[in-house]
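Data first, discussion second: the structure below is written as structure tokens.
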Amino acid sequence: MKALLPTLQTAAQQQVSLEMAEGRLLQRWAELAGTLVEAYTQLLWLDAESSEILLAFIGACFVVHPQVAQAVAELWAILKDAKRDSKLPEGVMPKILHRLIEPSVLSFIRFGRFDSAHTEDRSDLVQLRSSQQDILVDMYCIAAATPEAQLVLNGLFSNLEKAESARDLLGMEVVWYAFQGIVEVLADEPAIPEVYHKVLPTVFRVSGAPAEVLSTGAALLRGCGPHFEQRLQVHLAPAVQWLMSVVAQIPVEASEVIQELCGYAGKLLLPHVEEFLKVVSQVATSAPSEVDASLHGALVGITRSLPEEQAALAFSKICDGAGVLLKGGLDVSSEAGRSSFHRVLCRLLRCVTVAEEAGAAPTTPGVTEAARTASRCLARFLLMHWASIAPLSQALLMAAPATKDAAKGKPIFEYSDVAVQVNVLALLRRAARAAAEAPEATLAEGLASLAVACCKEGQLAPLAALAQLSSNPDLARSQVMPHLDVISSASLTHIQKGRAAEDLVPFLDLCSCLAAAAGDALFASPQVPPLAQLSVAALASSEHDVLKPVLVFLQRLLTSRALSLGEGDVSSLAQAIFAHFHAWPRSMNAQTFKVFSALAERHEQVYMSTIAAALGAPFMAQLSAADRLLAQQGLARLRGPKLRALLGDLAMLARGEAVADVLQSYADGG
């Protein structure tokens with residue numbers, strides 16, 4: 001190793017290209033050096049001469065070639081662990097840092113550039129950059145709280161200054177990438193190194209650079225995000241201004257970082273909101289819809305901490321462009337019309353989401369003041385433009401069947417025909433929530449009319465919005481229940497045509513929510529028999545999303561004292577429950593038990609007669625005559641936790657997952 005050192009140092013200093021054989025030889029020696037340090041860390045301090053040779057050799061390895069450098073890359077991880085475990089004598093670590101910081105930084109600067117000639121494949125370069133960034137971060141963490149930490153930062157910044165002076169954009173980019181890695185590990189720290197006050201302005205001075213350079217600059221600003229509210233406050237406005245200026249070149253990255261920075265410290269940007277709004281108005285309409293949404297969301301992030309009335313006015317102003325599009329008339333039968341409406345939907349959904357995240361996290365359950373303000377902002381906008389939004393939404397919902405997950409799907413910001421329909425439903429649900437929280441009866445009436453119109457044409461997905469609306473008991477009774485006959489009839493028609501029970505999920509969710517909100521007013525209504533009939537059909541499903549709302553509804557129905565069902569209807573429900581409960585997923589065990597308990601406690605006669613007639617039920621099919629008798633006796637006699645356990649065991653027996661001996665524990669006295 002000592003003999004190789006002069007050749008290695010010369011190659012490192014002159015940046016010569018190594019022959020393949022030389023490279024392999026050096027790599028093996030580097031691997032040996034790494035192994036020695038890992039196995040015998042004390043070599044770094046016990047013998048001065050050996051230590052000097054080893055450190056000099058490792059330092060040259062970092063610089064001579066990336067493959068050779070990778071052979072000793074684990075050194076810093078080893079040293080970090082050794083320092084954590086207090087295995088290094090006093091004074092050893094500063095010595096190591098002083099000898100190896102400079103070659104480690106130089107290695108990163110030389111081999112991590114996007115125009116590096118040392119890697120042919122781009123994916124290999126990306127992996128190499130990431131590995132070397134990890135080395136610098138480990139190095140900084142090792143040196144943290146010591147004077148040597150400044151050596152890492154000074155070494156990087158010195159190279160940044162040289163690159164900027166030489167207008168070497170790729171040289172600047174690789175140093176930004178290093179500073180990005182370091183700042184990300186400081187996200188939860190109260191302070192940030194002073195050097196970042198000099199690093200960030202170098203980003204702001206760059207324009208017209210390749211996209212990969214601008215993207216790294218944006219990523220660095222994202223990493224600094226948690227510190228902009230305090231330590232880096234002076235750089236917040238310039239950061240957002242720079243990001244706004246590069247949206248055209250890196251639309252997705254820039255818009256997402258803008259939104260994040262405004263989320264961290266948006267209130268500090270209030271003096272600039274008009275300036276930013278003008279820029280957004282100019283660039284958003286030609287940007288992809290997801291970028292458009294992020295930029296408008298960022299503006300709401302700035303204004304959301306204003307007093308409620310001012311926040312509502314600002315929300316309206318930020319969304320004014322969406323209103324202009326709606327007023328201009330959109331033809332959603334054309335691709336251009338659907339794309340424009342999708343843009344409107346994305347803006348509204350992103351803006352209301354950002355608005356309700358204002359303030360501290362809630363400490364108690366319920367609607368936060370920020371969420372209520374966001375709901376009022378959205379309700380105000382929708383009421384102004386409902387005459388345009390409602391027919392466009394209805395036309396899109398009726399244009400094609402909704403996908404299985406569309407009724408509850410999260411917004412999709414990238415444009416497609418499916419995304420438009422998903423976002424229409426997402427807006428209707430959020431609008432219903434806004435109407436319930438504000439509260440806003442006029443908006444609720446419009447939503448109910450739209451949902452019922454779609455129901456009549458066989459589209460049940462908008463009923464998920466009415467389920468949201470029913471969280472407000474007054475609106476549930478005044479705006480939803482009057483339409484229940486039409487909704488029930490449409491749902492029955494759906495089943496009678498042989499369509500899947502899974503398509504009933506929005507209707508079943510509505511029934512469950514109405515049962516909670518309206519209670520006896522619902523159960524005393526003439527709509528209960530068709531609701532019970534639909535529940536019987538849904539009980540044959542094994543889907544969690546179908547069963548959960550129907551079982552919640554049935555539990556409330558069977559325990560209501562205002563129940564308008566006759567004994568025959570209750571008997572039909574009981575028979576359906578007994579016929580299918582064994583096939584329901586285990587996640588339904590608790591709800592199954594509650595429904596059985598409701599039958600046993602409030603409808604004992606029907607419960608007992610159903611048990612007596614259950615010998616031919618599917619859950620009994622695999623049992624002997626004696627075991628069937630035990631099952632019947634247990635169902636009739638047991639209550640509470642033992643009944644719940646029995647139901648679980650009967651279901652397992654029916655599925656072949658248990659043996660009949662388990663029923664002996666439920667015999668009299670068991």
Let's go through L531 and L484 carefully: what are the C-alpha distance in whole Å and the side-chain angles of both, what is the deciding distance for side-chain contact (heavy atoms from CB on, under 4.5 Å) to 0.1 Å, and is it a yes or a no? CA-CA 9 Å; L531 296 182; L484 205 51; 4.1 Å; yes
Would you mind checking if D509 and K408 are paired as a salt bridge, meaning a charged N to carboxylate O distance below 4.0 Å? yes
Cationic N near anionic O, under 4.0 Å, E253 to R222: no
Does the [X] side chain pair with the main chain of [Y], one donor and one acceptor, at a distance under 3.5 Å?
X	Y	result
T303	A311	no
W584	L539	yes
N423	I412	yes
R304	G263	yes
H342	R338	no
W242	V206	yes
S488	D485	no
T493	S489	yes
E173	T216	no
S560	R556	no

Could you tell me which non-hydrogen atom of [X] sits nearest to which non-hydrogen atom of [Y], and how far apart they are?
X	Y	answer
A298	Q259	CB-CA, 3.7 Å
A435	L469	CB-CD1, 3.7 Å
S512	V552	OG-CG1, 3.3 Å
I318	L277	CA-CD1, 4.4 Å
P411	A426	CG-CB, 4.2 Å
C455	L460	SG-CD2, 3.7 Å

The single option from L125, V174, L170 passing side-chain contact (heavy atoms from CB on, under 4.5 Å) against D115: L170
State, yes or no, whether a side-chain contact exists between [X] and [Y] at a heavy-atom distance under 4.5 Å.
X	Y	value
L313	E309	yes
Q591	L547	no
V550	L504	no
M172	L169	yes
V344	L392	no
L492	L534	yes
L306	L270	yes

Using the six-membered ring wherever Trp is involved, compare the ring planes of F523 and F553 and label them parallel, tilted or perpendicular (cut-offs 30° and 60°). tilted
Anything under 30° is parallel, anything over 60° is perpendicular, the rest tilted; go ahead and classify F276 against H272. parallel
Would you kindly say whether [X] and [Y] are connected by a side-chain donor-acceptor distance under 3.5 Å?
X	Y	answer
S333	D331	yes
Q394	Q459	no
R430	S375	yes
S471	R433	no

Give a yes or no on whether the ring-centroid distance for Y196 and F179 is below 6.0 angstrom. yes
Could you tell me if R380 sits above the aromatic ring of F315, with its cationic atom closer than 6.0 Å to the ring centre and no more than 45 degrees from the axis? no
If you apply the rule side-chain contact (heavy atoms from CB on, under 4.5 Å), what do you find for V257 with L261, and how did you get there? CA-CA 6 Å; V257 178; L261 298 192; 4.1 Å; yes
Between L510 and S470, is a side-chain contact (heavy atoms from CB on, under 4.5 Å) present by the stated rule, with each step listed? CA-CA 8 Å; L510 173 59; S470 297; 3.6 Å; yes
Residue of the set E290, R343, E335 for which side chain to side chain donor-acceptor pair (under 3.5 Å) holds with Y415: E335
Using side-chain contact (heavy atoms from CB on, under 4.5 Å), reason through C351 and C319 one step at a time and then give a plain yes or no. CA-CA 8 Å; C351 287; C319 295; 4.1 Å; yes
E502, CD atom: more than 12 neighbouring heavy atoms under 6.0 Å: yes
Does CD belonging to E308 count more than 12 external heavy atoms closer than 6.0 Å? yes
